[in-house]
Amino acid sequence: MTEPADVARAYFAGVTAHDPDAIQACFADDAELVTNTGTYHGAEAIGGFYRDTLLQADDVRPVPGPLIVDGNRVAVEIDLLRGGKHIAVGDFFTIEGGKIRRLVIFFGSELA
């Protein structure tokens, strides 16, 4: 069985590599992604979101802090580089069956 922290790390590796297929593979078929731009349902729609996002800014790089794991839930604070700016982000994962079932992303303010 895949540990929730390993699934979160695989997701961040896909984002860092700018690989939307690898990101999509981390999500369950019926997953939900909630972001500041909307809610996306299903791995295919989520993969499309990341394809579009990664095309808009080629410098997207997450630097996750320590993963906080509580059963099948993972929370992490991220320093996200996007568009030449550092942004505080919080990711909240629900992992089921070795896949992301739900991911909620909170975008904060620019970091100094």
Side-chain angles (χ1 to χ4, degrees):
M1 181 176 192
T2 305
E3 294 295 322
D6 294 333
V7 175
R9 286 186 194 99
Y11 163 82
F12 288 120
V15 174
T16 300
H18 290 227
D19 185 344
D21 293 330
I23 298 166
Q24 182 175 331
C26 293
F27 285 86
D29 290 341
D30 61 348
E32 179 180 62
L33 171 67
V34 180
T35 74
N36 63 335
T37 61
T39 300
Y40 304 86
H41 298 278
E44 191 171 313
I46 293 167
F49 165 79
Y50 281 100
R51 281 179 189 80
D52 293 346
T53 299
L54 295 173
L55 285 175
Q56 292 173 9
D58 62 356
D59 66 344
V60 173
R61 295 281 183 277
V63 179
L67 302 179
I68 301 167
V69 180
D70 180 16
N72 70 334
R73 296 174 298 176
V74 178
V76 60
E77 184 177 355
I78 300 149
D79 174 357
L80 178 68
L81 174 64
R82 183 176 72 187
K85 299 176 181 175
H86 289 268
I87 303 164
V89 176
D91 279 7
F92 301 88
F93 297 84
T94 302
I95 311 292
E96 294 177 356
K99 298 280 186 174
I100 300 168
R101 174 70 185 91
R102 187 166 196 258
L103 172 57
V104 179
I105 302 174
F106 291 104
F107 288 87
S109 58
E110 285 185 31
L111 299 171

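Here the closest non-hydrogen pair linking V74 and A8 is CG1-CB, 4.2 Å. A pairwise comparison of heavy atoms in P4 and I95 identifies CB-CG1, 3.8 Å as the closest pair. The heavy-atom pair separating A43 from A28 by the smallest distance is CB-O, 3.5 Å. Counting all heavy atoms, side chain and backbone alike, V7 lies closest to G98 at CG2-O, 3.5 Å. For G65 against V76, the heavy-atom pair with the smallest separation is O-CG2, 3.4 Å. A pairwise comparison of heavy atoms in A10 and C26 identifies C-SG, 3.8 Å as the closest pair.
Atom CG of D59 is surrounded by more than 12 heavy atoms from other residues, nucleotides or ligands within 6.0 Å. Around the CD atom of E32, the shell of radius 6.0 Å holds more than 12 heavy atoms that belong to other residues, nucleotides or ligands. Other residues, nucleotides and ligands place no more than 12 heavy atoms under 6.0 Å from the CD atom of E44.
When the side chains of ILVMFWY residues are joined at heavy-atom separations under 4.5 Å, either directly or via intervening members, V34 and F92 end up in a single hydrophobic cluster. Placement of L81 and V89 in two distinct hydrophobic clusters is found when ILVMFWY residues are connected by side-chain heavy-atom separations under 4.5 Å, directly or transitively. Tracing side-chain contacts under 4.5 Å through hydrophobic residues (I, L, V, M, F, W, Y), one never reaches F49 starting from V104; they form parts of separate clusters. With hydrophobic clusters built from ILVMFWY side chains whose heavy atoms lie under 4.5 angstrom apart, L33 shares a cluster with I87. Using a 4.5 Å cut-off between side-chain heavy atoms of Ile, Leu, Val, Met, Phe, Trp and Tyr, with links allowed through other members, L103 and F107 fall into the same hydrophobic cluster.
Using a 4.5 Å cut-off on side-chain heavy atoms (C-beta onward), N36 and I105 make no contact.
Judged by distance alone, the side chain of D19 and the main-chain N or O of G14 form no donor-acceptor pair under 3.5 Å.
Summarising the geometry, atom CG belonging to D30 is positioned 11.0 Å from atom NE2 belonging to H41; distances are rounded to the nearest 0.5 Å. One distance of note links CZ of R102 with CZ of F93; it measures 13.0 Å at 0.5 Å rounding. Distance CZ/R101 to CG/D29: 10.5 Å, rounded to 0.5 Å. Taken to the nearest 0.5 Å, the CZ atom of R73 stands 15.0 Å off from the CG atom of L67. Note that the NE2 atom of H18 and the CD1 atom of I23 stand 8.5 Å from one another [nearest 0.5 Å].
Side-chain contact annotation: R61 with H86, donor-acceptor N/O pair under 3.5 Å absent.
Using a cut-off of 4.0 Å between Lys/Arg side-chain N and Asp/Glu carboxylate O, D21 and R51 are scored as salt-bridged.
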### Task
Show your reasoning for whether side-chain hydrogen bond (donor to acceptor under 3.5 Å, both in side chains) applies to Y11 and Y50.
CA-CA 11 Å; Y11 163 82; Y50 281 100; 2.5 Å; yes

